[in-house]
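Beneath this line is the structure, given in structure tokens, with notes to follow.
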Amino acid sequence: MDELSKRYNPGEIEDKWYSHWLGSGHFHSTPDDREAFSIVIPPPNVTGQLHMGHILNNTIQDTLIRRARQEGKNACWVPGTDHASIATEAKVVNMLREKGIKKSDLTREEFLTHAWEWTDKYGGIILHQLKKLGASCDWERTAFTLDEDRSAAVLEVFVDLYRKGKLYRGKRMVNWDPAAQTVLSNEEVLYEEEKTTLYKVKYKIAGTADEWVTIATTRPETILGDTAIAVHPDDERYKHLHGKKAIVPLINREIPIIADSYVDMAFGTGALKVTPAHDINDYEIGLRHSLEVIDVLNADGSMSPAAKLFVGLDRDKARKKMFGALEEAGHIVSTEDLIHNVGRSERTRVVVEPRLSLQWFVDMKAIAAPALKSVMENEIAFYPENLKNTYRHWMENIRDWCISRQLWWGHQIPAWYLKSDASGTNDLNNEQVFVGLTVEEALAEARKITGRHDLQTSDLHQDEDVLDTWFSSWLWPISVFNGWRDTKELDYYYPTSVLVTGWDIIFLWVARMIMAGYEWKNEKPFKAVYFTGMVRDKQRRKMSKQLGNSPDALGLIEQFGADGVRYGIMASAPAGGDILFDEKLCELGRNFCNKIWNALRLVKSWEVDASLPHDDSRALAIRWMRARIQSVNTELSRNYEQFRLSEGVTSLYTFVWDDFCSVFLEVIKPAYGEASDPKSYEETTQVFEEICKMLHPFMPFITEEIWHQLRTRENGEDCMIALLSQQEPSIDPEVIDTFGHILTVKSAVLELRNQYQLSPKETMALVYPSEPELIRLWNIPGTEAVLTKLANATCAQGLGTGVSFLAGKYQYYAALTIEVDKEAELKRMNEELDYYRGFVSSVEKKLSNEKFVANANPEVVE
RNA sequence: GGGAGUAUAGCUCAGCUGGUUCAGAGCAUCUGCCUUACAAGCAGAGGGUCCGCGGUUCGAACCCGUGUACUCCCACCA
């Protein structure tokens, strides 16, 4: 009755067990008197698709959560999604454009209706995909950063910070994304070296016939917004120009020539054009010298009317046109290539524009201190530890966080202004702001501050902007437990046990969560952070849609099985180190599944004959197996403690493949056509069960299947919730030694057979020494054991020619029916001898000096 | 400019406390096997200046110094 297929087929088995687990309620957690082990998922974008980064990240989390469950802890893994303000809004805008609808033609409400439709349609797909991976999340707790509870938390936090004076509205130079048409935080701008052109342009000195000053710029189109030329005060070349005026080319506007020590004399020509509206440094120079600010760009990056020329033209096109016009007018002195850093938007990849604008900021210095301290003092442990330095550097130089975004998809800022007809001013910069959880609260505030009790809510208008997505996700570890409404769950699950995320969002997310934790709970949000590396392709490129080098994650699961993919990604994922993804790894995982599967087939094929005795060789193998399980378990626990998961899974791989399959099962299995004795069968089943438990967190599906194949189980007796056995700390060194010796002999024999190309069918006689005693218990495939005492390395009588070899400290003799290559043998033996001689001399040398006396190794030689 | 890290087999990487567990794994290559659980398998082989040079030590892949080459983060120069 061979009902098991020759190959492991993951498909149906995975679906079967996942729905079984869902039905069993094993994933769900509620507070009780057990120790809590909690993880909050780094929420993927609500409309995202599963990619390799998710697979890596979530496999690690699932492994940790499943292990905790086995340890008897109350494990809770909270899933959810992020509304991903910019990314989602961009997708919706694109979708609408394809339908011929322009965002600008819609009201905010109409747009949000579309966005919610989109979210309802695609949202949660990724959560479904996580289920395919085997993620044992508590789905009853699924949260969304834009749902009611999470939104309430965001508003409360905003108002709280404002009232504590840690949040302000201010006019600053910010990073503007002209494609998304919103401001970005510093962390959302990525700098990369790019090749551009440095233009040297000459400006005429006012009041002279033919006197010029030459500046260097990469952005000629901003010349139209120049309001000064700056030179270094000590620069001898330009001292005569101090206080004079220059004429902006093409538009003939007069601008002052000023002296400012910011200017680098060595760069370019030593003369700098100053455009306060479009460069942070120029802006600061402008402040020092009270310069006019002329903004020559529109929000979309096209030239504004203030530019006077090329109005409406995109900045890149305007640059080319400007160059042409300047050249024609004879203002171009020269051009040269320049490599410099260009900031691009993380989301849209367009070049970010520095822009002066009125935005909301969090005063980070006011909340950073406890968060820095806790990490530096290992209150929160970082894995790998060296990321602490990066963290410290950022925290110590922290800058204010711009949290407003000119978008609609997100949490609208709970700030209200008096409508212009009510405030009597049209100057937006001087608007009075009233912050509150609701418009009523804001109104009360407005009445109080203005003293005008006639004001109504209709006199107020709410800030149009929404908050940065990270302003909701920094609350995630608190908000998923509804921490602002009721702290019962929070008290139990918080701080969470570990956060698993990529190091690329250490500032965007991790650091801010830590700050939020201390600001509102006066407690860390997690005890440890496991930073994963980035998943890259074989050429070390980051996986991205643009490159198309990202494998189809679901396709991989389809192809290799979830357990195979999990194994593949885990085996190569040390904390912090990048992983070069190769499908081969998943193949390895699939093959491993198949190996385990076939071990099951073997065991299941045995008939048990109750009358058979339990022989010594099998008893020895069982003793050895038990000892191995114990040491592997100890090692595994240590690996978990230090989050060395790839080492953990790799050691299980070699243990199962080599020790369990190649050695143990080979001894235990009954000879062909024979049955197993009951004790061997039972012991094997128990060993297999132990293996299932050890392997389960890494490969949950196949282990659950095997667990149920091994025995008939009561309902609910699942591998997933089977507690790890307590291993008694005793060890059995003798059995490890003996077995080690046996394996040495075995491999020596196999090597010999290989060398003489003996077919597996040909048996050969092997002469054993009478010591050690246990060796005779072992049957080496293709050998016939002849137990005798070997003296003086002579051939055993009647066995014909053959070769002798050493294994450990004992000598063996293998009889061969074919001609022995005497010279080769001699050579081999001499090499062996040399090796041992060298070995002995090195040992002896050591013994003469060493503090610690070595053990009995010198015996080896004789 | 500030900081972090890496360099070990053809490739990707382990090597944790300095020591016979010590130069290792997987992949790739080559050889022999359709051996009765598994060819997604089995048994083997070849392949190394542990980046170079100094030092500490009885002893260094490991610690220190230095040089070289890469990688990354942060800050930024028009």
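Chain naming here is simple, since letters A, B, ... match the order of the sequence lines and numbering starts at 1 in each. All values reported here derive from a predicted model rather than from experimental measurement.
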### Task
Run the numbers on A:Arg237 and A:Asp235 for salt bridge (charged side-chain N to carboxylate O under 4.0 Å, His left out), then give the verdict.
CA-CA 5 Å; A:Arg237 294 171 293 180; A:Asp235 195 333; 2.8 Å; yes
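Residue contacts for A:Arg399: at a heavy-atom cut-off of 4.0 Å it reaches the sugar-phosphate backbone alone, with no base atom in range. If you check every strand for non-hydrogen atoms under 4.0 Å, A:Cys661 touches a base. Within the 4.0 angstrom heavy-atom criterion, only backbone atoms of the sugar-phosphate kind lie near A:Trp657; the bases stay farther away. A:Phe507 comes within 4.0 angstrom of sugar-phosphate atoms only, judged by non-hydrogen atoms across all strands, and of no base. The residue A:Leu272 sits close to a base: some heavy atom pair falls under 4.0 Å. Using a 4.0 Å heavy-atom cutoff across all strands shown, A:Val263 reaches at least one base atom of the nucleic acid. In this structure, A:Arg644 reaches the bases: a heavy-atom distance under 4.0 Å links it to at least one base atom across the strands shown. A:Lys595 comes within contact range of at least one nucleobase, with a heavy-atom separation under 4.0 Å.
In this structure, A:Arg7 fails the cation-pi test against A:Trp597, since its NZ or CZ atom is not both closer than 6.0 Å to the six-membered ring centre and inside 45 degrees of the ring normal.
Between A:Lys6 and B:A39, a side-chain N or O to OP1/OP2 separation shorter than 4.0 Å is present. In terms of phosphate contacts, A:His340 brings a side-chain nitrogen or oxygen within less than 4.0 Å of OP1 or OP2 of B:A78. The side chain of A:Arg7 places an N or O atom within less than 4.0 Å of a non-bridging phosphate oxygen (OP1 or OP2) of B:A40.
Each of A:Ala266 and A:Lys584 was matched to the nucleotide of RNA chain B holding its nearest heavy atom; the match closer to the 5' end belongs to A:Lys584.
With both pairing distances under 3.5 Å, B:C13 is matched to B:G24 as a Watson-Crick or G-U wobble pair.
We find that A:Glu353 and A:Arg219 are joined by a salt bridge, their nearest charged nitrogen and carboxylate oxygen being less than 4.0 Å apart. Using a 4.0 Å cut-off between charged nitrogen and carboxylate oxygen, A:Glu221 and A:Arg319 count as a salt-bridge pair.
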Please write out the pairs of protein N or O atoms and N or O atoms of nucleotides 4-8 of chain B separated by less than 3.5 Å, giving the distance to one decimal.
residue: B:A4; atom: O2'; partner: A:Asn386; partner atom: ND2; Å: 3.2

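Candidate nucleotides B:A43, B:A78, B:C38 were compared by shortest atom distance to the side chain of A:Ser662, and B:A43 ranks first.
Using bins of under 30°, 30° to 60° and over 60° for the plane-to-plane angle, the ring pair A:Phe660/A:Phe664 lands in the parallel bin. Using cut-offs of 30° and 60° on the angle between ring planes, the pair A:Phe531 and A:Phe382 is perpendicular.
For the pair A:Tyr262 OH and B:G1 P, the interatomic distance rounds to 16 Å; values are reported in whole Å.
Taking all atoms of both residues into account, the shortest heavy-atom contact from A:Ala675 to A:Pro670 is O-CB, 3.5 Å.
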